[in-house]
Amino acid sequence: MRVVLAEDLFLLRDGLVRMLEAFGFEILAAVETGPELGKALAELEPDVAVVDVRLPPSHTDEGLQCALAARRARPGLPVLVLSQHVEQLYARELLADGNGGVGYLLKDRVFDAEQFVDAVRRVAAGGTAMDPQVISQLLSRRSQDRPMGRLTPREREVMELVAQGRSNAAIASQLVVTERAVAKHTSNIFAKLGLPVSDDDNRRVLAVLAYLDHGRTNGS
Amino acid sequence: MAIKKARGALAAGGQGLVLASAALVGSVVLFSLATVSIALIPVGVGMFTTPRVLTLLRAHVNRRRLLAAQWSRVRIPVRYRPLPEDVRKGVTGQVERCSLMLRDPATWRDMRWLLADMTGGAVVAVLAPALILEGVFGLLLAAGLWKPIVEASGTYWYTFLPVDSSDTARLAALLGLVWMIVALHVNTRLVRAHFRLAGAVLNPGRQEELEQRIDRLTETRHDALDTSAAELRRIERDLHDGAQARLVAMGMNLGTIEALIEKDPAQAKELLSKARESSAEALTELRDLVRGIHPPVLAERGLGDAVRALALRLPVPAEVEVELPGRPDAPVESAAYFAVSEALTNAVKHSGADRVWVDMTYTDGALRISVTDNGKGGAVVGAGSGLSGVERRLGTFDGVLAVSSPAGGPTMVTMEIPCELF
């Protein structure tokens, strides 16, 4: 799998390159500034981009903006954004086009190499990988609200994992239940969120989106 | 349009009447009282009466300030020196208060204004109703009033017209109309002129204004230094007790692991996972610390999005409206952010609100932010409340905080910081 990497801190960049290579990824480019990233994404056509939010020269959210611009130019381009902090605001912007293939994780998640690499693979395959911190912020705030309030505690647990971008199999093993039980929970959740039945895998992304949008339109 | 103008002129006539009587009665009485009272100070009685009279006088002047703002949008700033909080009770306190008030230049400006008010101010104010009344009287003369008047006392001089027949009475009506038209155009201006005159007499000179400004700056500089020193102490403590301690523990664990790795791999593995946990916790703590010093979204996106992000983390729904054509300087931005953050925290913690609104605009060289909630109200700026902290923070930038929070709600916290956007 071919990766473009953007991270301005040398140590982290180096570490990420080593780690991804150890797991069999091919690093097409490891850049440190926004303009370099823009160029690399346009020219190299990677399978997935791993991008730091804050990049030189502006040291603002240049990485995020580059990633969003690249996704506008090439819809569905898988992008995993890493950040020293996670904000719902940025999560919304990443998910806004509903195309999937996005991830937004705290940098610390690289501590668990296996899980991190799993997240990169999931994003590359068009799935989502949202940081548990964003999701738990949402859950703690929205739990009293409709329609999230209609979810049973178990369904909420499942929703949390779905929102992070886990597959049914992964959720089943984490919650120590059968995959069929998870499937039942997810279809219940989709029904409660008013998402129509379809074979489309994007329904999981839509569920997260509905979730985030729910926050915005809440109460109105 | 014409009706509106006529109504305005009529209202101004009424206002002029009120102002003139306030000037001729209120100001004259107060001036005499004050002069007598001050003259009696050497005898001793004045010591006790003067503070009271001066307090009355200030109320009188303040009422005029209020009317100036309400009727003519003329702002006359209040510039009394505040009395120190530790004024003693009893006789010594009276003497102290008296001398403090007499030493305030604003007192003497008030006295000077009384003189101006009962002369020039009254004349200007009375012109407004006089024009209308004179006009009406001219019409009444033509309508037949001239007859009994002329029969009783001969030629009647209406303004500058000798009225002695129906023809001259008709001329008087014409002149009356002229007066009324003049009133239509100048009445509101006359009232405003009255307030402008008051403002000119009451406003302190440049020297004094500068002195007051220096006092204010000294005070806010003290506050700013105190706040930042406290902040540094907090950061130092957080680092010392938090991240630093965890990193030390991690280093220790790594040392132990080094020793154990061959003898007891199982325990080494366990310690390794502990070390990893410590590093994760240290990171979390550092992240929180950074958020407390300079929130990342603020650095990356500016005030608008930082407050939006803040609102998303609130446990109650919040609507954020931002209309900023640029970004203020980083220190202003940061002060505004933390002020909003504090106001929001207050709203969520104490008001019992289930909705919050934040509005940010930039007008007339000032950043204006309002935080409104639909809670139960009763918030005050005072000792120990978070809002007075906000007030101090804003004070450093010449910003002000106003809280409107009647019991029963809603609460509206308004902040205004003069600044430039870039």
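In this text the structure is predicted, and so the values were computed from the model without any measurement. Letters go in sequence order (proteins before strands), and every chain restarts at 1.
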Asker: Restricting to non-hydrogen atoms, name the atom on B:S279 and the atom on A:F111 that form the minimum distance, rounded to 0.1 Å.
Answerer: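 Here B:S279 and A:F111 meet closest at OG-CE2, 3.1 Å.
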Asker: How many angstroms lie between CD in A:Q84 and CG in B:L283, if you round to the nearest 0.5 Å?
Answerer: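 That separation rounds to 6.5 Å.
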Asker: How about CZ on B:R291, more than 12 heavy atoms from neighbouring residues, nucleotides or ligands closer than 6.0 Å, or not?
Answerer: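 Buried by this count: over 12 neighbours within 6.0 Å.
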Asker: Looking only at heavy atoms, what is the nearest atom pair of B:A299 and A:T60, with distance?
Answerer: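 What the structure gives for the nearest pair is O-CG2, 3.9 Å.
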Asker: Please determine, among A:R54, A:E62, A:H59, A:K107, the option with the most heavy-atom pairs under 4.5 Å with chain B.
Answerer: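 If we count pairs closer than 4.5 Å to chain B, A:R54 comes out on top.
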Asker: Would you mind checking which part of B:D305 comes under 4.5 Å of any heavy atom in chain A, side chain (CB onward), backbone (N, CA, C, O), both or neither?
Answerer: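 Its backbone and side chain both get close to chain A.
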Asker: CD of A:E21: more than 12 outside heavy atoms within 6.0 angstrom?
Answerer: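 Result for CD/A:E21: enclosed.
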Asker: Is it true that, when you exclude B:E323 itself, more than 12 heavy atoms of the residues, nucleotides or ligands shown sit nearer than 6.0 Å to its CD?
Answerer: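 No, not enclosed.
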Asker: Which is it for A:E87 and B:R287 under the salt bridge (charged side-chain N to carboxylate O under 4.0 Å, His left out) test, yes or no, and what are the steps along the way?
Answerer: CA-CA 12 Å; A:E87 290 287 349; B:R287 195 172 290 132; over 6 Å; no
Asker: Taking atom OG1 of B:T284 and atom CG of A:L106, what is their separation to the nearest 0.5 Å?
Answerer: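 That separation rounds to 8.0 Å.
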Asker: Does A:H85 reach the side chain of B:V290, with side-chain heavy atoms less than 4.5 Å apart?
Answerer: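 In short, these two side chains do not touch, never coming nearer than 4.5 Å.
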Asker: Quick one: are A:L64 and B:R301 in side-chain contact, heavy atoms under 4.5 Å?
Answerer: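 In contact.
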Asker: Salt bridge between A:E93 and B:R308, side-chain N to carboxylate O under 4.0 Å?
Answerer: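 B:R308 and A:E93: not salt-bridged.
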Asker: How many angstroms lie between atom CD of B:E300 and atom CG of A:L55, to the nearest 0.5 angstrom?
Answerer: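 The CG atom of A:L55 is 10.0 Å from CD of B:E300, to the nearest 0.5 Å.
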Asker: For A:R74, look at atom CZ and say whether over 12 heavy atoms of other residues, nucleotides or ligands are found less than 6.0 Å away.
Answerer: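 Yes, CZ of A:R74 has more than 12 neighbouring heavy atoms, counting only those of other groups under 6.0 Å.
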